Amino acid sequence: MNCRLMFVKIQVVFVGGRTQPGTVKPEEGDRHPYSVLDCASQREAILPFVLYIQKTLRRRPFLIKNLENVMRKFLQSLEFFEENERKKLAIFTALAFSQKLSGLPPETVFQPLLKDNLVAKGIVLSFITEFFKEYLEENSLDDLIALLKKGKMEDNLLDFFPSAKRSSEALSEHFTKEGLTSLVEYNEKKMFEVKLKEIKSTLTAMINDEAAISEVIETVKQQVKDAKFPDLEVIRMLWDVLMEAVQWSGKNQQQNSNAALRQVKAWTELLNAFCTSGRLELELIHKVQTQCYEDAKLMKLFPEIIRTLYDQDVLAEDTIVLWFRKGSNPKGR
């Protein structure tokens, strides 16, 4: 009986009365004058309701399920609320997590939002945008990402977007417009890492399978084009993958040196295909220099690797001279 009363009491906090069966509308009759939906759509007006529920849950922690059920019901029925009411619910939800409302699991919020009809109408995107903006007022981006991760949404931000707008470009445009540039930057970094991993995986498999160099070049070029990958990152990625694919032989320094040089000679055509300017050649030298400085297996190999790349026309003499005079990396200079 007490649980049922508390369920109703939580409904009253949100809408000012007991809701009608199957709807989010309060039953006819007297309504409580104070509720989330009747107050101003500002955090100062909504925070007291969050704190009230927080106090209640501290005394009766078993009632968290009642709060979950009420919130799930309202979130799945967002289309029946006015736009301003949805904003208040978003602010309440963000404050609930900011105040670390006892035991409220993130999936209670994020998963009910993913109803196809709500997403298609843009209701979910509008709600989650207000949620992000309010949550980031008091919390860091890392806190938000941790919350999304717990709710199994860290890698699925596009699921909040209508299908016609479900692209990285649309995500960046929308959240930039809403002032959430930190979230845009995070997502772009995340997408970059995913694409980088895909390209490295493909290249590694082709190297291990001893695919024809011409085929490897064509495949990597296409993936780089599709991913809109920066040229400098391509050079770094190629060198990393080539060195990771070397069959190292434990502590035998001479065998390691020979294996590394064989790898470089075998794949100079691949490097040559992407080192198409002095700037990219210089980036390759920097990459080689840094790895030879940091990796004991390659520490004495730098001159030989550079000579090999020069002999195979990957590096131009002018680039090497420029590097020597003023472009060298402090590491191992």
Side-chain angles (χ1 to χ4, degrees), residues 14 24 36-47 49-50 71-72 74-101 104-195 227-228:
F14 279 98
V24 293
V36 172
L37 296 189
D38 287 325
C39 72
S41 55
Q42 298 172 345
R43 65 189 324 273
E44 294 78 9
I46 297 173
L47 182 59
F49 296 101
V50 177
M71 292 191 69
R72 186 179 294 111
F74 287 162
L75 293 175
Q76 288 177 332
S77 307
L78 283 177
E79 60 189 316
F80 300 114
F81 291 100
E82 299 295 329
E83 183 177 353
N84 194 44
E85 292 175 332
R86 291 197 290 266
K87 181 177 180 179
K88 294 172 187 177
L89 288 173
I91 294 173
F92 176 92
T93 307
L95 289 173
F97 285 116
S98 292
Q99 296 297 318
K100 297 179 173 55
L101 209 59
L104 183 64
E107 56 267 27
T108 297
V109 173
F110 299 130
Q111 297 308 317
L113 288 174
L114 299 179
K115 287 179 65 177
D116 291 342
N117 63 316
L118 295 179
V119 174
K121 293 176 181 178
I123 293 173
V124 171
L125 180 57
S126 176
F127 178 91
I128 206 67
T129 300
E130 293 296 337
F131 173 88
F132 288 159
K133 288 162 72 172
E134 179 57 45
Y135 187 80
L136 289 172
E137 283 289 324
E138 286 191 340
N139 302 276
S140 68
L141 181 65
D142 288 341
D143 292 330
L144 177 58
I145 300 307
L147 193 65
L148 290 169
K149 187 178 292 186
K150 290 177 182 176
K152 300 179 175 61
M153 292 302 300
E154 179 199 11
D155 300 323
N156 303 300
L157 290 179
L158 286 176
D159 288 353
F160 295 129
F161 284 71
S163 56
K165 298 181 179 180
R166 204 163 284 174
S167 68
S168 297
E169 292 76 16
L171 185 148
S172 296
E173 181 181 352
H174 172 77
F175 287 130
T176 298
K177 182 179 177 182
E178 295 292 337
L180 294 166
T181 52
S182 61
L183 187 60
V184 172
E185 291 168 0
Y186 166 80
N187 187 68
E188 289 176 347
K189 181 182 178 182
K190 192 77 177 176
M191 294 301 296
F192 173 84
E193 291 172 351
V194 169
K195 292 173 182 176
K228 299 178 181 178

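Note that this is a predicted model, so its numbers are computed, not measured. Positions are given from 1, in the same order as the sequence printed here. As a basis for the values below, the full set of heavy atoms in this structure was taken, side chains included, without hydrogen atoms, waters or symmetry mates.
With rounding to the nearest 0.5 Å, the separation of CG in L113 from CE in M153 is 8.5 Å. One finds the OG1 atom of T129 at 9.0 Å from the CG atom of L183 (value rounded to the nearest 0.5 Å). How far CG of L118 is from CG of L75: 9.5 Å, rounded to the nearest 0.5 Å. How far CD of E178 is from OG of S126: 8.0 Å, rounded to the nearest 0.5 Å. Rounded to the nearest 0.5 Å, atoms CD (E173) and CD (E169) are 9.5 Å apart. To the nearest 0.5 angstrom, K88 atom NZ is 12.5 Å from E130 atom CD.
Ion pairing of E154 with K190 is present here, as a side-chain N (NZ or NE/NH1/NH2) and a carboxylate O approach within less than 4.0 Å. Electrostatic pairing of E79 and K121 counts as a salt bridge here, judged by a charged N lying under 4.0 Å from a carboxylate O.
Contact between L136 and S182 at its shortest, heavy atoms only, is CD1-OG, 4.4 Å. Scanning both residues, S172 and E188, for their nearest heavy atoms gives OG-OE2, 3.4 Å. Contact record, T108 with P112: O-CG, 2.9 Å, taken as the closest heavy-atom pair. When all heavy atoms are compared, the tightest approach of K165 to A170 is O-CB, 3.0 Å. Annotation for C39 and I46: closest pair SG-CG1, 3.5 Å, computed over non-hydrogen atoms. What you find for A96 and V50 is that their closest heavy atoms are CA-CG1, 3.9 Å.
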- [ ] Check step by step if side-chain contact (heavy atoms from CB on, under 4.5 Å) holds for F49 and L95.
- [x] CA-CA 10 Å; F49 296 101; L95 289 173; over 6 Å; no
TODO: Determine, stepwise, if the pair F97 / V109 fulfils side-chain contact (heavy atoms from CB on, under 4.5 Å).
DONE: CA-CA 10 Å; F97 285 116; V109 173; 3.4 Å; yes
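When atom types are taken as modelled, the side chain of N187 and the backbone of V184 share no donor-acceptor pair closer than 3.5 angstrom. A donor-acceptor contact shorter than 3.5 Å links the side chain of K115 to the backbone of Q76.
At a threshold of 4.5 Å between non-hydrogen side-chain atoms, the residues Q111 and K152 count as touching. In this structure the side chain of E83 reaches within 4.5 angstrom of the side chain of R86, judged on heavy atoms. Side chains of E138 and R43 form a contact here, defined as non-hydrogen atoms less than 4.5 Å apart. T93 places none of its side-chain heavy atoms less than 4.5 Å from the side chain of F74. Within the 4.5 Å cutoff, the side chain of L114 has no heavy atoms near those of the F110 side chain. Under the 4.5 Å side-chain criterion, counting only non-hydrogen atoms from C-beta, L144 is in contact with L148.
Heavy-atom contacts from other residues, nucleotides or ligands closer than 6.0 Å to CG of D116 number 12 or fewer. Annotation for E82: atom CD does not count as buried by contact number, only 12 or fewer foreign heavy atoms lying within 6.0 Å.
Here the rule is ring pair (Phe, Tyr, Trp, His ring centres under 6.0 Å) with F175, and of Y186, F160, F161 only F161 fits it.
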